[in-house]
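Values reported hereafter were calculated over all heavy atoms of this structure, with side chains retained and with hydrogens, waters and symmetry mates removed.
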Amino acid sequence: MLKQYLQFKLSQKLSPQQIQLMKLIQLPTQAFEQRLKQELEENPALESGKEDAPNDLDDDFDNTGDEYNDNETIDTGDINVDDYLSDDEVPDYRTQVNNYSADDDEKTIPYAAGTSFTQHLVNQLNTYRLNDEEREIAEFLVGSVDESGYIRRELSDIMDDLAFTQNVYTTEEHIEKVLKIVHQLDPAGVGARNLQECLSIQLHRKEQHPDVALATNIIDKAFEQFTKKHYKKLLQKFDVSEIQLKDAIHEIERLNPKPGGSYAGNNRIVEHVVPDFAIKIVDGELELTLNGRNAPELHVSREYNNMLKGYKDSKEKSKSQKDAVMFIKQKLDAAKWFIEAIKQRQQTLFVTMSSIMHYQKEYFLTGDERKLKPMILKDIADEIEMDVSTVSRVANSKYVDTPYGTKLIKEFFSESMTNDQGEEVSTREIKKILETVIEEEDKKKPLTDEALAKILKEKGYPIARRTVAKYREQLDISVARLRKKI
């Protein structure tokens with residue numbers, strides 16, 4: 001018996017332009033330059049640099065009355081040419097504002113920054129709000145990721161190990177919940193327990209369109225048939241054409257079956273770093289600048305403007321002419337959007353970094369890591385009234401040049417704990433104090449974790465011995481027995 005029913009579902013979908021803007025915001029300086037180069041190559045209506053002089057165009061053109069009976073001519077009332085001739089033709093149009101300058105100091109020499117695969121994943125956890133137990137579980141899960149990027153152990157075994165080695169008593173359901181957070185880390189697919197889950201995670205994070213949607217259904221609902229290449233069964237099951245199936249399979253073939261592969265045989269990933277921002281102290285005040293390479297000069301091609309002017313001035317509008325104008329319109333739309341997107345990217349980067357700088361003002365003025373305040377993504381997102389994901393995109397993979405060296409922005413984010421005065425302090429502050437205490441200890445009688453916990457408690461930081469051990473390991477400091485010197 002067939003039943004009919006109505007189901008209301010509220011959902012929010014990003015437009016393709018919004019998705020592209022988010023991708024632009026996420027790019028660090030060098031990757032942004034490559035993206036800019038690609039756009040200039042693909043869109044002839046977009047040009048870099050200054051234009052010599054503005055075009056002398058009339059602003060009173062009106063094509064709403066153009067009607068012809070000739071078969072070769074058409075109505076052009078749906079094309080408002082002035083919309084394209086009057087905008088973005090300013091010869092010295094620039095996306096820079098007062099905070100950006102072409103003569104920004106770019107003398108900083110790029111350097112190689114390396115981090116282990118495990119630490120790369122742990123660093124990303126700092127941008128999530130986790131309680132102590134969830135963080136221990138998450139770090140244990142990250143530590144269980146193999147070279148291919150998989151967690152191949154059963155959750156029941158992980159649960160037992162957490163109890164015996166970390167003194168954390170939890171359930172498989174809770175571990176599963178924390179694992180979902182690990183699945184949000186980069187590279188996409190990391191932490192999967194099998195190939196099917198790895199591919200599914202990657203597909204769910206891709207920009208959604210029909211090919212990706214079908215590919216997701218194939219992996220989630222017909223993985224065995226896909227692996228055995230039972231294509232006829234897939235065609236019947238999903239009621240699609242061979243072309244649709246081929247396109248979906250192409251999407252699957254582009255995925256990475258080993259998300260940890262780039263780290264295999266090399267426990268450090270090396271990248272050349274160009275600071276995206278610079279912070280200087282001028283007359284006792286902080287001054288923030290955005291790397292000038294993020295503020296290119298762009299304008300719409302004069303040749304394309306002239307082509308539109310020729311169309312505007314012609315008395316007859318043929319079909320071939322309109323086809324050409326429609327092509328020009330498409331390229332101009334893309335060029336105008338890209339220019340605006342770059343401007344929005346600059347504003348978003350600057351506003352976000354400015355908020356981080358003022359939030360951590362005491363640190364940037366002194367360079368003392370003990371002055372770093374507890375700060376999570378939501379703190380900044382609430383202050384600048386933007387989404388947490390936007391702040392994450394700005395903080396991820398971007399660097400700031402400070403008087404104390406070039407720093408990875410996401411390292412300024414940390415969780416908090418309460419000291420004996422009831423004040424919230426950054427875990428980074430505690431780690432710095434712990435590091436200082438160990439540096440000043442008597443190397444003939446190095447301090448045990450229990451002794452370190454007691455000292456921290458006397459300093460106003462009541463934390464457990466096992467938490468001290470965890471912080472010590474994160475600082476890559478050996479146990480007392482191995483620190484002893486004759």
> Looking only at heavy atoms, which two atoms of L290 and F277 are closest? And how far apart?
Replying inline: CD1-CE2, 3.5 Å

> Is it true that the side chains of Q34 and Q30 contain a donor and an acceptor less than 3.5 Å apart?
Replying inline: no

> Under 3.5 Å, is there a donor-acceptor pair linking the side chains of H358 and E383?
Replying inline: no

> Is any side-chain N of the basic residue among K470 and E473 closer than 4.0 Å to the acidic one's carboxylate O?
Replying inline: no

> Under 3.5 Å, side chain of N43 to main-chain N/O of K331, donor-acceptor pair present?
Replying inline: yes

> Side chains of D220 and H204: is there a donor and an acceptor less than 3.5 Å apart?
Replying inline: yes

> Does T127 reach the main-chain N or O of Q124 with its side chain, forming a donor-acceptor pair under 3.5 Å?
Replying inline: yes

> Between atom CD1 of I384 and atom OG of S355, what is the distance when rounded to the nearest 0.5 Å?
Replying inline: 5.5 Å

> Hey, mind stepping through I409 and Y399 against side chain to side chain contact (heavy atoms under 4.5 Å, CB included) and telling me if it holds?
Replying inline: CA-CA 5 Å; I409 294 172; Y399 291 80; 5.8 Å; no

> Can a salt bridge be assigned to the pair E207 and K23 using a cut-off of 4.0 Å between side-chain N and carboxylate O?
Replying inline: yes

>> I'd like to know if the side chain of D276 and the backbone of P28 have a donor-acceptor N/O pair within less than 3.5 Å.
In response: no

> Would a 4.5 Å heavy-atom cut-off, applied to side chains only, mark R35 and F338 as touching?
Replying inline: yes

>> Less than 4.5 Å apart, side chain to side chain, heavy atoms only: is that true for L125 and E139?
In response: yes

> Just by distance, do the side chain of E47 and the backbone of L298 share a donor-acceptor pair under 3.5 Å?
Replying inline: no

> Under 3.5 Å, side chain of E134 to main-chain N/O of L130, donor-acceptor pair present?
Replying inline: no

> Side-chain contact, heavy-atom cut-off 4.5 Å: L179 with I151?
Replying inline: yes

>> Whether the side chain of T436 engages the backbone of K432 through a donor-acceptor N/O pair (distance < 3.5 Å, no angle test) should be reported.
In response: yes

> Are side-chain heavy atoms of M159 and E154 found at a separation under 4.5 Å?
Replying inline: no

> Measuring from T216:OG1 to Q202:CD, what's the distance to the nearest 0.5 Å?
Replying inline: 11.0 Å

> Which pair of non-hydrogen atoms, one from W337 and one from L21, has the smallest distance, and what is that distance?
Replying inline: CZ2-N, 4.1 Å

> How close do P296 and Q346 get, heavy atom to heavy atom, and via which atoms?
Replying inline: CD-NE2, 4.0 Å

>> Closer than 4.0 angstrom, basic N to acidic O: yes or no for D146 and K258?
In response: no

> Closest heavy-atom contact between L203 and Q208?
Replying inline: O-NE2, 3.1 Å

> Is S156 close to E172 at the side-chain level, that is, under 4.5 Å between some pair of heavy atoms?
Replying inline: yes

>> Working note: L447 + D442, criterion side chain to side chain contact (heavy atoms under 4.5 Å, CB included); need CA distance, chi angles, decisive distance, verdict.
In response: CA-CA 8 Å; L447 298 166; D442 181 357; over 6 Å; no

> Side chains of N294 and R345: is there a donor and an acceptor less than 3.5 Å apart?
Replying inline: yes

> Just how far is it from atom CG of L121 to atom CG of L141, taken to the nearest 0.5 Å?
Replying inline: 11.0 Å

> Is the backbone N or O of T348 less than 3.5 Å from a side-chain atom of T352, with the two atoms forming a donor-acceptor pair by type?
Replying inline: yes

> Going through the checks in order, is the salt bridge (Lys or Arg N to Asp or Glu O under 4.0 Å) test met by D449 and R466?
Replying inline: CA-CA 8 Å; D449 292 340; R466 63 187 178 93; over 6 Å; no

>> Main chain of F140, side chain of S144: is a donor-acceptor contact present, judged purely on distance under 3.5 Å?
In response: yes

> After noting the C-alpha distance and the side-chain angles of Y363 and D368, does the key distance pass the side chain to side chain contact (heavy atoms under 4.5 Å, CB included) rule?
Replying inline: CA-CA 6 Å; Y363 163 74; D368 186 350; 5.6 Å; no

>> If I take atom CD1 from residue I175 and atom CG from residue L155, how far apart are they, to the nearest 0.5 angstrom?
In response: 6.0 Å

>> Using the rule given for side chain to side chain contact (heavy atoms under 4.5 Å, CB included), can you reason through V190 versus Y150, listing the C-alpha separation, both sets of side-chain angles and the distance that settles it, and then say yes or no?
In response: CA-CA 6 Å; V190 71; Y150 289 81; over 6 Å; no

> Any side-chain heavy atom of F32 sitting closer than 4.5 Å to one from K37?
Replying inline: no

> Taking all non-hydrogen atoms of both residues, which atom of L24 and which atom of A341 are closest, and how far apart?
Replying inline: CD1-CB, 3.8 Å

> Less than 4.5 Å apart, any side-chain heavy atom of K410 and any of N126?
Replying inline: no

>> According to salt bridge (Lys or Arg N to Asp or Glu O under 4.0 Å), does anything in residues 386-399 pair up with another residue at least two apart or in another chain? List the pairs.
In response: none

>> Please check this pair: side chain of T402 against backbone of Y404, looking for a donor-acceptor N/O pair closer than 3.5 Å.
In response: yes

> Under 4.5 Å between any side-chain heavy atoms of V391 and K378, yes or no?
Replying inline: no

>> Do the side chains of K373 and E362 get close enough for a salt bridge, i.e. N-O under 4.0 angstrom?
In response: no

> Between N123 and H120, is there a donor-acceptor pair closer than 3.5 Å when you use the side chain of the first and the backbone of the second?
Replying inline: no

>> For the aromatic rings, using the six-membered ring if either is Trp, is the centroid distance between F412 and F364 under 6.0 Å?
In response: yes

